[in-house]
Amino acid sequence: MKDKVEISLRSTVDELTQTGDLPELSDYSTSVSIPTNKDFGDFSTNVAMIVASKAKKSPKEIAGRIIRSLERRNDMFEKVEMAGPGFINMTLKPAVWARALSEITDLGKDFGRTAHGAGRKVQVEFVSANPTGPLHIGHGRGAAVGDTLVRILDAAGFDVQAEYYINDIGNQMNNLGLSVLHRYKEIHGREEPFPESGYKGDYIRDIAHELMTIHQDGLLSRDHDEAVKICQEYAAGSIMQGIREDLRLFNVRFDRFFNESSLYHDHKVAESLDYLRLKVLSYEDDGALWFRTSAFGDEKDRVLRKQDGSLTYFAPDIAYHKDKLDRGFEKIIDIWGADHHGYVPRMKAAIAAMGADKDCFHALLIQLVSLVRDGRPVQMSTRAGEFVTLREIIDEVGKDVARYFFMMRRCDAQLVFDLDLAKKKSDENPVYYIQYAHARICSIIRNAADQGISPSLNGTDLQLLASGDDLALIKILASCPDIVAAAATELEPHRIAFYLLDVATAFHRFYNRNRVISDDPALTRARLVLVDAVRQVIANTLALMGIDAPESM
RNA sequence: GCGCCCAUAGCUCAGCUGGAUAGAGCGUUGGACUACGAAUCCAAAGGUCGCAAGUUCGAGUCUUGCUGGGCGCACCA
C-alpha cells in the first residue's frame, strides 16, 4: 500500500515540477512512512521539507502546492493535510482499503509478492559448513536466516539462487581422514597418539565402525596416505549426507552444492591467479605470492601462495567469487559467522579486482548463538567435540520453534537461545502465539462452514469494515508486501518475524472485542473475508520463514 | 595497539533508511469466559535511548571522542 501512495505522490511532484510549480530537482529521496500517531492519518511524508531545503523555499509553501494537487486527483485520498513544519499527512478513502482487502483474497498465496527485484539475479551462499562434522546450533542460525532470506528475495521479485559451498579439499579434509583412520586403528587395537588438530567427536568413531563393516581390517595393510584418502572420502560423503538430512528436516533448500575441488579441476584457481598476475595485482615477496588487496582498501596485502608452495584458503575463494560474477549474479550475498568479519575487506578487494562493483558483494555477518537450559548457559567447544547439534535442537523443540527463535533477533545482535522458553507451549512463546491465531481462524471458518457460510467476495460488502478494529486489521495486512520488500532490500529477514507478531497481536485483539459470526449476515460475510485474509497473510509469512501454519493445535 | 559488532523500561528485545508524544513481550499490580479455541484479551505502573560534543528546521537513528561488553587482527580454514 505504501508503494501506491509513493507512486501517487511522486507522479504528483513530477507533474508540479514540469509545470514549474515546483523547482527542478535532479534527485530527491521521498520518504513515505506510517506515522506512530493515528491522528496523523494513514501515511505521512516529509517530501515538502526535502524539496524545500534543497530549493531554499518555505516547506509550508511547497507542501501547500503538493496538497492542492493531491486533492485534485481525488481517487485515493480522503484527506490530505499539512502538519507541523511541513509534513503532509494523508488519509486514504475507505474504498481503497476495501480494495486492498479484496486483493488479498484474490491473490491468495501470492499476496505479499512484489516485483521490486525486477528479476535481477541474486545469489545467497550460506551454511557452507565443512563436511568435517554435523551441523551445530551456530550453523542453524545461518541456515534459518539464509533460507528465509532466499524466500524473501524470491517473494520480492528477485531471481534468487541458494548455494552451499563445500570445502571438500585441503587441510581440514586431511585432518578428517587422519582422525577417522586413527579411530579405525583404535578399534583394531592399535593405539597411536591422536592426530594434532584432529576431530574428536563421537561421530568419527561411528564412521570408523562403518568403514570396518565395509573393509574389515583391510585398511590396516594399505599404504598410509592411501588409507587416509579412503577414510577421508568416505567420511566426507557420510557427513555430507547427514548434513543434507539435517537441512531437509530444517526445511532448508539449496539449489546447488558447489565443490571447492571443482575449482581446481576446472582450472578456475589457476585462471584467477593468472588474471591477478596479468593485472599486476599480485607479486612475489619473501618466497610467497601476495595479492595487493591494500590497493582496494584492505589494511594489508594478503598471501595467495605460501612459502611451501601450497595455496591459502583465500586463493580458491577468489576463484569461487569470480565464478559467481561470471554466472551473472548482480548481487552476491555471503552469510558468514561474525568471527569472519576480518575477511570482508579482503573479499571486497577481490571483487573489485575482478572489475566488479564491490558493493554488489554483501557479507551478512551472523552473531554468536548461545544456549541456555534451566536458566544456565550451556558450554560448547567445537574443538573438543562438545557442541549441541542442530539435529538435537530440532528434536527437542521442533523445526518451527527453532526456525522462529533463530529469526527473532537482528543478525548483528547476539542471540540467546532459551531452551526452556522454546519448549513452553504458552503465550510466552511467540511461535505458539502466532500459530494459535492461525488455528483459531481456521476454527472460526470451520464453524461458519457448518452454518453453510464460507469466505467469499461474491456479494460481500467490504465497506462494512471501513472503521474501527476491522479497518485497523486491514491496514496491517495491507502492509505485508511493503514489509517483505523492505526485508529483501535491507537484507533484514528478522523483520518478517516481528511483522508476524504484529499481525497475530492485532488479530487476537480484534477477536476478543468483536464477533466474526454474528446474527448480522452481511457483517458476518464481510468479517469472514477479513479473518480469512488474516489467515492467508499469516500462512504466507510463516511460509517465508519455513514454518508450518497448523489448522488446529 | 588497530579493526568490526553491540549498548533503548527490572529482564529479553523492536523502532519502517533523519520525523511529530520512543514501542512490544516477560515480570509486577488490577480486571475480562453459561456465544465463534482463555495457548486469548483489557488496564495501570515502569525511560536522562551508555556518557559528551557535533551536523540541521528536527537525532534512539548520521559524525567524532570516551566508557563498558562480544569478536577478530595467520604464509589456518
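In the text below, chain A, chain B and the rest are named by the order of the sequence lines, each starting its count at 1. The figures that follow rest on heavy atoms only: side chains count, while hydrogens, waters and symmetry mates do not.
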Open item on the list: Of the options B:A39, B:A14, B:C36, whose atoms approach the side-chain atoms of A:M553 most closely?
Closed with: B:A39
Task: Distance between C1' atoms of B:C11 and B:G3 (Å, rounded) - done: 32 Å
Task: Between B:C13 (C1') and A:E492 (CD): distance, integer Å - done: 14 Å
Task: Interatomic distance where CD1 belongs to A:I34 and C1' belongs to B:C16 [whole Å] - done: 8 Å
TODO: Taking atom C1' in both B:A7 and B:A52, compute the distance separating them and give it to the nearest angstrom.
DONE: 16 Å
Task: P-based separation of B:G54 from B:U61 [nearest Å] - done: 14 Å
Open item on the list: Check this for me: does the side-chain of A:T505 come within 3.5 Å of the base of B:A24 through a donor and an acceptor?
Closed with: no
Open item on the list: By the 4.0 Å heavy-atom rule, please label A:A486 as base, sugar-phosphate, or nothing.
Closed with: nothing
TODO: Answer with base, sugar-phosphate or nothing: what part of the nucleic acid does A:N514 contact at a heavy-atom distance below 4.0 Å?
DONE: base
Task: Options B:C5, B:A20, B:A38, nucleotide nearest the side-chain atoms of A:N89 - done: B:A20
Task: Approximate separation, where rounding is to 0.5 Å, of A:D339 CG and A:L368 CG - done: 8.0 Å
Task: Basic-acidic side-chain contact under 4.0 Å: A:R373, A:D420 - done: no
Task: Rounded interatomic separation in angstrom, taking CG from A:D418 and C1' from B:C13 - done: 14 Å
Open item on the list: Please classify the nucleic acid contact of A:T312 as base, sugar-phosphate, or nothing, using heavy-atom distances under 4.0 Å.
Closed with: sugar-phosphate
- [ ] Counting heavy atoms from C-beta on, name the nucleotide in B:C57, B:C16, B:C41 closest to the side chain of A:M49.
- [x] B:C57
Task: Stacked pair A:F498-B:A14, distance under 5.5 Å, angle under 30° - done: no
TODO: Using distance alone, with no hydrogens and no angle criterion, decide if A:Y343 and A:D317 have a side-chain donor and acceptor under 3.5 Å apart.
DONE: yes
TODO: Treat a base pair as Watson-Crick or G-U wobble with both distances under 3.5 Å, then lay out RNA chain B in dot-bracket form, 5' to 3', with | for cross-strand pairs.
DONE: (((((.(..((((.....[...)))).(((((.......))))).....(((((..]....)))))).)))))....
Task: Nearest listed nucleotide, side chain of A:R509, among B:U21, B:G19, B:C41 - done: B:C41
TODO: With the side chain of A:Y433 defined as its heavy atoms from C-beta on, choose the nearest nucleotide among B:C41, B:G19, B:C13.
DONE: B:C41
Open item on the list: Output the rounded distance in Å from CD1 (A:I496) to C1' (B:C16).
Closed with: 12 Å
Open item on the list: With rounding to the closest Å, how many angstrom separate the C1' atoms on B:A22 and B:G18?
Closed with: 15 Å
Task: Euclidean distance, atom CE of residue A:M407 to atom P of B:U12 [Å, nearest integer] - done: 21 Å
- [ ] Please state how far atom NE2 in A:H508 lies from atom C1' in B:U40, giving the value in whole angstrom units.
- [x] 6 Å
TODO: Take the protein atom NE2 of A:H116 and the nucleotide atom C1' of B:C16, then report the distance between them rounded to whole Å.
DONE: 12 Å
- [ ] For A:N37 and for A:L501, find the nucleotide of RNA chain B with the closest heavy atom, then tell me which residue's nucleotide is more 5'.
- [x] A:N37
TODO: May I ask you to verify if any side-chain N or O of A:R410 is less than 4.0 angstrom from the OP1 or OP2 atom of B:C6?
DONE: yes
Open item on the list: Just to be sure I understand the rule, does A:S479 reach a base, reach only the sugar-phosphate, or reach nothing, if contact means heavy atoms closer than 4.0 Å?
Closed with: nothing
TODO: Report which part of the nucleic acid A:A439 touches: base, sugar-phosphate, or nothing (heavy-atom distance under 4.0 Å, all strands).
DONE: base
TODO: Looking at every strand, decide which applies to A:Y436 at a 4.0 Å heavy-atom threshold: base, sugar-phosphate, or nothing.
DONE: base
- [ ] Taking atom C1' in both B:U55 and B:G30, compute the distance separating them and give it to the nearest angstrom.
- [x] 48 Å
TODO: For A:A83, answer base if it contacts any base atom (sugar-phosphate contacts may also be present), sugar-phosphate if it contacts only those atoms, and nothing otherwise; contact means non-hydrogen atoms under 4.0 Å.
DONE: base
Task: SB check A:E163 A:K324 (cutoff 4.0 Å) - done: no
- [ ] Go through the side-chain N and O atoms of A:E260 and A:N167 and say whether any donor and acceptor fall under 3.5 Å apart.
- [x] yes
Task: Candidates B:G37, B:A14, B:C16 - which lies nearest the side chain of A:T36 - done: B:C16
- [ ] Output yes when at least one side-chain N/O atom of A:K306 is less than 4.0 Å from OP1 or OP2 of B:A74, else no.
- [x] no
Task: RNA chain B: 5'-proximal contact among A:D502 and A:C442 (nearest heavy atom) - done: A:D502
TODO: Look at the side-chain N and O atoms of A:N512 and state whether any lies under 4.0 Å from the OP1 or OP2 oxygen of B:C33.
DONE: no
Open item on the list: Is the phosphate of B:A38 approached by A:Y511 (side-chain N or O, under 4.0 Å from OP1 or OP2)?
Closed with: yes
Open item on the list: Using atom P in both nucleotides, what's the gap between B:C66 and B:C26 to the nearest angstrom?
Closed with: 41 Å
TODO: Return the nearest nucleotide to the side chain of A:R409; candidates are B:A77, B:U12, B:C36.
DONE: B:U12
TODO: May I ask you to decide whether A:D412 forms a salt bridge with A:R410, counting only side-chain N to carboxylate O separations under 4.0 Å?
DONE: yes
Open item on the list: From CG of A:D3 over to P of B:C16, roughly how many Å is that when rounded to an integer?
Closed with: 18 Å
- [ ] Classify the ring geometry between A:W336 and A:F361 as parallel (under 30°), tilted (30 to 60°) or perpendicular (over 60°).
- [x] tilted
Open item on the list: For A:D298, is there an ion pair with A:R302 - N to carboxylate O distance below 4.0 angstrom?
Closed with: yes
Open item on the list: Donor-acceptor check, side chain of A:R527 to backbone of A:R515, threshold 3.5 angstrom: yes or no?
Closed with: yes
TODO: Compute whether any side-chain donor of one residue and acceptor of the other, for A:N130 and A:T132, lie under 3.5 angstrom apart.
DONE: no
Open item on the list: Check this for me: A:E551, atom CD, are more than 12 non-hydrogen atoms of other residues, nucleotides or ligands nearer than 6.0 Å?
Closed with: no
TODO: Answer yes if the side chains of A:D301 and A:S294 hold a donor-acceptor pair under 3.5 Å, and no otherwise.
DONE: yes
Task: NZ/NE/NH1/NH2 to OD/OE distance under 4.0 Å, A:K229 and A:E233 - done: yes
Task: Same-atom distance (C1') from B:C2 to B:G15, integer angstrom - done: 32 Å
Task: Contact pattern, 5' to 3', of nucleotides 67-73 of chain B - B, S or - by protein heavy atom under 4.0 Å - done: ---SBSS
TODO: Look at the side chain of A:I444 and decide which nucleotide, out of B:C16, B:C75, B:G37, has an atom nearest to it.
DONE: B:G37
Open item on the list: Taking only the C1' atom of each, what is the distance from B:G23 to B:G47 in whole angstrom?
Closed with: 12 Å
